[in-house]
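For clarity, every value in this text was computed on a predicted model and none was experimentally measured.
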Amino acid sequence: MSVLILRGRILSFTSEPQSLDDDKCYIYIEDGALALSDGLIIARGEYSDISQQYPDADINDHRPHLIVPGFIDTHVHFPQMQVIGSFGAKLLDWLNTYTFVEEQKFADPAHCERLAKIFFDTSLRHGTTTAVTYCSVHKSSADAFFKEAQNRNLRMIGGKVMMDRNAPEALRDTPQSGYDDTKALIADWHDVDRLSYAISPRFAITSTPTQLEMSQALMQEHPDCYMQTHLSENLDEIEFAKQLYQSARDYLEIYEMYDLLGDKSLFGHCIHLSEREKASMAETGSIAVFCPTSNLFLGSGLFDFEGMREKGVRTSVATDTGGGTSYSMLKTMDEAYKILQLRNQILSPLHSFYMMTLGNAKALSISDKIGTLDVGSEADIVVLNASPTPTMKLRYETVTTLKEELFMLQTMGDDRSISAVYVAGKASHPDL
Ligand code: GUN
Ligand code: ZN
């Protein structure tokens, strides 16, 4: 059995932080070590103990850096890598003007394969080891996504979007072809290696009632798959959705009519929800996905993080690139902090780092597999350098506590702070 030891400062959460003073919610080991073997973490502790336990192990010494679980992104669009930073539009115009144009290129399998490679290189470069991903409407885009993830032994979740109206002809499937392609993709990829499928009706505006019925059938036939869609992101979107489904009292009820809610259902954005919608999300264990950089970039609104938590709605965080503007979960939490400042809510750095790791793993119901550095966990790991640039180095001179360091990393950090990435125990940074 070959064993690899990572030495450095170990940080892993055990529960959701209740405040910045909550020191019971995490484990921190100053001169710590993890022993990795067969893709798993097999031991964790003081370096002196672990090195004695495994005297023949190879050692990667990451001191003085922080070793944390790989970041998890719960909502990202793989076909939108070349949409990021498209000027001057809000959601519906942005979709029609930029996004639906770009997504048409994924009709070409060679484009899908090229972009899939770049997508995973980019994710890993930013420390993201798991992402819940929308592919384009083309089956070939999901095939390329899963094939490349499998080659890299990544834990990834994805699905081809289904959309049969209010999109260009070239991006429309039909209820039947969307159903058939999804069935075939689930058969080929769901639960294969570290891959899972997310049934993905894009949103109510681009699906007819018949397509949502087909989505319902898919969920009933595959209850262990995820479901992902968009909800209540933008006021014009909400009005349009309600016009299309006039029997629904509100936007969420459209999805409720087709039984799409549940504890594996991820709803992107959830910015403008009524009290009834929040209560229904809470009751069904559905997950509201907070996408800070996207919500600011598209001028969609300010997510009510505290309000959601008070009502018992499960939440996660995500980049939502290409509406979002960065692949970095650090940058994402930086913008989350600023949104909550405008709402007079405080997001502590402990909470941010919890959300990127264990919190998102819990939202996906896979915290037994990823999101912590616990023994038995899959060895998806990120090493963080808090002073990779001159400006960060200067600021770091004044940092005296772990919490200050985390907040500085979140505020100033990005891909330059990622000094190593391990996927299932193997060094996997594309450039290092
Ligand atoms: N709503 C429906 N599709 C999309 C998308 O691709 N991005 C965002 N931000 N919202 C959406
Ligand atoms: Zn999205």
Side-chain angles (χ1 to χ4, degrees), residues 10-29 41 44 66-75 127-130 132 226 262-268 270 273 278-279 281-292 303-319 329-330 332-341 343-378 380-382 384 401-407 409-411:
I10 306 278
L11 174 66
S12 178
F13 286 85
T14 52
S15 62
E16 182 164 11
Q18 299 306 307
S19 70
L20 190 57
D21 301 326
D22 182 354
D23 292 318
K24 295 203 188 78
C25 65
Y26 62 90
I27 286 161
Y28 177 68
I29 312 171
I41 297 171
R44 177 184 70 199
L66 262 181
I67 301 179
V68 302
F71 297 148
I72 302 167
D73 183 351
T74 57
H75 181 134
T128 296
T129 49
T130 292
V132 187
Y226 293 91
D263 60 7
K264 293 193 111 183
S265 295
L266 298 155
F267 292 92
C270 298
L273 296 185
K278 286 181 202 164
M281 298 266 309
E283 201 175 299
T284 54
S286 300
I287 298 118
V289 185
F290 178 20
C291 305
F303 184 85
D304 184 7
F305 192 67
E306 286 281 305
M308 290 296 203
R309 294 180 61 238
E310 271 164 22
K311 291 282 181 298
V313 180
R314 297 169 72 206
T315 54
S316 69
V317 286
T319 64
M329 289 304 293
L330 295 170
T332 298
M333 298 319 298
D334 176 35
E335 300 298 302
Y337 175 84
K338 295 174 191 168
I339 286 180
L340 298 190
Q341 280 280 50
R343 276 200 163 267
N344 291 319
Q345 300 175 13
I346 280 286
L347 181 68
S348 86
L350 286 181
H351 214 152
S352 289
F353 276 75
Y354 165 83
M355 289 298 291
M356 291 185 266
T357 57
L358 179 57
N360 275 356
K362 282 193 172 176
L364 300 175
S365 307
I366 48 175
S367 56
D368 56 328
K369 297 185 173 68
I370 58 169
T372 71
L373 301 177
D374 292 349
V375 170
S377 250
E378 297 171 355
D380 292 350
I381 296 161
V382 173
L384 295 175
T401 67
L402 172 67
K403 291 165 195 173
E404 284 174 10
E405 178 179 358
L406 295 179
F407 192 55
L409 264 166
Q410 161 188 319
T411 307

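Scanning for side-chain hydrogen bond (donor to acceptor under 3.5 Å, both in side chains) contacts around Tyr337 gives Gln341, with sequence neighbours left out. In this structure Lys338 satisfies the side chain to side chain contact (heavy atoms under 4.5 Å, CB included) test together with Asp334, Glu335, sequence neighbours excluded. In terms of the side-chain hydrogen bond (donor to acceptor under 3.5 Å, both in side chains) criterion, Asp263 has no residue partners (sequence neighbours excluded). Scanning for side chain to side chain contact (heavy atoms under 4.5 Å, CB included) contacts around Thr372 gives Ser12, Leu358, Asp374, Ser377, with sequence neighbours left out.
At least one side-chain heavy atom of Phe13 sits less than 4.5 Å from a side-chain heavy atom of Leu350. Taking 4.5 Å as the limit, every side-chain heavy atom of Val132 sits out of range of all side-chain heavy atoms of Asn360.
Heavy-atom minimum distance, Cys270 versus Met281: SG-CE, 4.0 Å. Pairing each heavy atom of Glu378 with each of Ile41, the nearest pair is O-CD1, 4.3 Å.
Among pairs with a residue in residues 347-365, none fulfils salt bridge (charged side-chain N to carboxylate O under 4.0 Å, His left out), at least two apart in sequence or across chains.
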### Query
Where do Leu11 and Leu406 land on the side chain to side chain contact (heavy atoms under 4.5 Å, CB included) test, with the steps shown first?
CA-CA 11 Å; Leu11 174 66; Leu406 295 179; 3.8 Å; yes
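Note: Ile72 CD1 to Thr357 OG1 = 7.0 Å, rounded to the nearest 0.5 Å.
A donor-acceptor pair is defined here as one N or O able to donate and one able to accept, closer than 3.5 Å; no such pair exists between the side chain of Asp380 and the backbone of Gly70.
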For residues 305-313, please give each side-chain donor-acceptor pair under 3.5 Å, one per line with the distance, not counting sequence neighbours.
unit_1: Arg309; atom_1: NE; unit_2: Glu16; atom_2: OE2; d: 3.1
unit_1: Arg309; atom_1: NH2; unit_2: Glu16; atom_2: OE2; d: 3.0
unit_1: Lys311; atom_1: NZ; unit_2: Glu275; atom_2: OE1; d: 3.1

